[in-house]
Amino acid sequence: MRIVLSDLSRRRLHEIQSYIAFHNARAATQVADRILYAAEMLADFPDLGTRWQGGSTRTLVVSGLPYRLHYRIVGDTVQIITIAHTSQRLPKLG
């Protein structure tokens, strides 16, 4: 499967990295890399995440980090919808 990051997920990744970089540039790069690695894992294991609120989207918590990926599977593509901090409440995504 291929992975596609939405514009929103790219923005969120940039925001997360920028916020962390303000305090520690090296840590910011490591966090961004771990988030992207989790997204890449979905290419081989698209059902790794759990269904989000019983809808058609799924969520995957990034191991060791307080972030989760919200995504959907469409054909042979995993679409990363957004990246959220685990403390954030999101609206129903579908």
Side-chain angles (χ1 to χ4, degrees):
M1 299 199 93
R2 68 186 184 108
I3 305 296
V4 175
L5 275 72
S6 69
D7 290 342
L8 176 59
S9 64
R10 289 179 191 279
R11 262 192 324 274
R12 288 291 299 132
L13 183 61
H14 178 73
E15 290 167 0
I16 291 164
Q17 191 171 10
S18 294
Y19 177 79
I20 296 169
F22 182 76
H23 302 285
N24 185 330
R26 183 171 173 225
T29 299
Q30 291 172 338
V31 166
D33 287 348
R34 287 185 60 191
I35 291 170
L36 290 172
Y37 178 75
E40 291 168 3
M41 283 181 32
L42 294 171
D44 293 325
F45 306 102
D47 294 325
L48 191 59
T50 57
R51 293 227 179 257
W52 179 252
Q53 300 177 343
S56 62
T57 61
R58 302 179 80 82
T59 184
L60 177 67
V61 175
V62 179
S63 180
L65 293 176
Y67 296 102
R68 62 181 177 246
L69 305 174
H70 291 270
Y71 67 98
R72 71 172 49 99
I73 302 166
V74 180
D76 66 345
T77 303
V78 175
Q79 298 173 341
I80 308 298
I81 301 165
T82 192
I83 303 164
H85 193 279
T86 55
S87 67
Q88 288 178 298
R89 291 184 180 241
L90 294 178
K92 191 165 183 78
L93 294 173

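All values below come from the heavy atoms of this structure, side chains included, with hydrogens, waters and symmetry mates left out.
- Within a 6.0 Å radius of NE2 in His85, more than 12 heavy atoms belonging to other residues, nucleotides or ligands are found.
- Residues Val62 and Phe45 share a single hydrophobic cluster, defined by chaining ILVMFWY side chains whose heavy atoms lie under 4.5 Å apart.
- A donor-acceptor distance shorter than 3.5 angstrom exists from the side chain of Arg58 to the backbone of Gly49, with no hydrogens or angles considered.
- Hydrophobic clustering keeps Met1 apart from Val4 (ILVMFWY residues linked when any side-chain heavy atoms are closer than 4.5 Å, directly or through intermediates).
- Distance CZ/Arg68 to OG1/Thr82: 9.5 Å, rounded to 0.5 Å.
- Partners of Arg12 according to the salt bridge (charged side-chain N to carboxylate O under 4.0 Å, His left out) rule, which considers only residues two or more places apart in sequence or in another chain, are Glu15.
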When the side chains of residues 29-44 are checked against the rest of the protein, which donor-acceptor pairs come out under 3.5 Å, sequence neighbours left out?
{"residue": "Thr29", "atom": "OG1", "partner": "Ala25", "partner atom": "O", "Å": "3.3"}
{"residue": "Arg34", "atom": "NH2", "partner": "Ser63", "partner atom": "O", "Å": "2.3"}

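- Annotation: side chain of Gln79 is not in contact with side chain of Tyr71 (no heavy-atom distance under 4.5 Å).
- Hydrophobic clustering, with ILVMFWY side chains joined whenever heavy atoms are under 4.5 angstrom apart, groups Leu48 together with Val78.
- Distance check, rounded to the nearest 0.5 Å: OG1 of Thr59 to CH2 of Trp52 gives 5.5 Å.
- Between atom CD1 of residue Ile81 and atom CG of residue Leu5 there is a gap of 11.0 Å, rounded to the nearest 0.5 Å.
- Closest of all the heavy-atom pairs between Ala21 and Ala28 is N-CB, 3.4 Å.
- In terms of hydrophobic clustering, with Ile, Leu, Val, Met, Phe, Trp and Tyr side chains grouped at heavy-atom distances under 4.5 Å, Val61 and Ile80 are assigned to different clusters.
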- Go through Thr77 and Arg2 one step at a time and tell me if the side-chain hydrogen bond (donor to acceptor under 3.5 Å, both in side chains) criterion holds. CA-CA 5 Å; Thr77 303; Arg2 68 186 184 108; 3.3 Å; yes
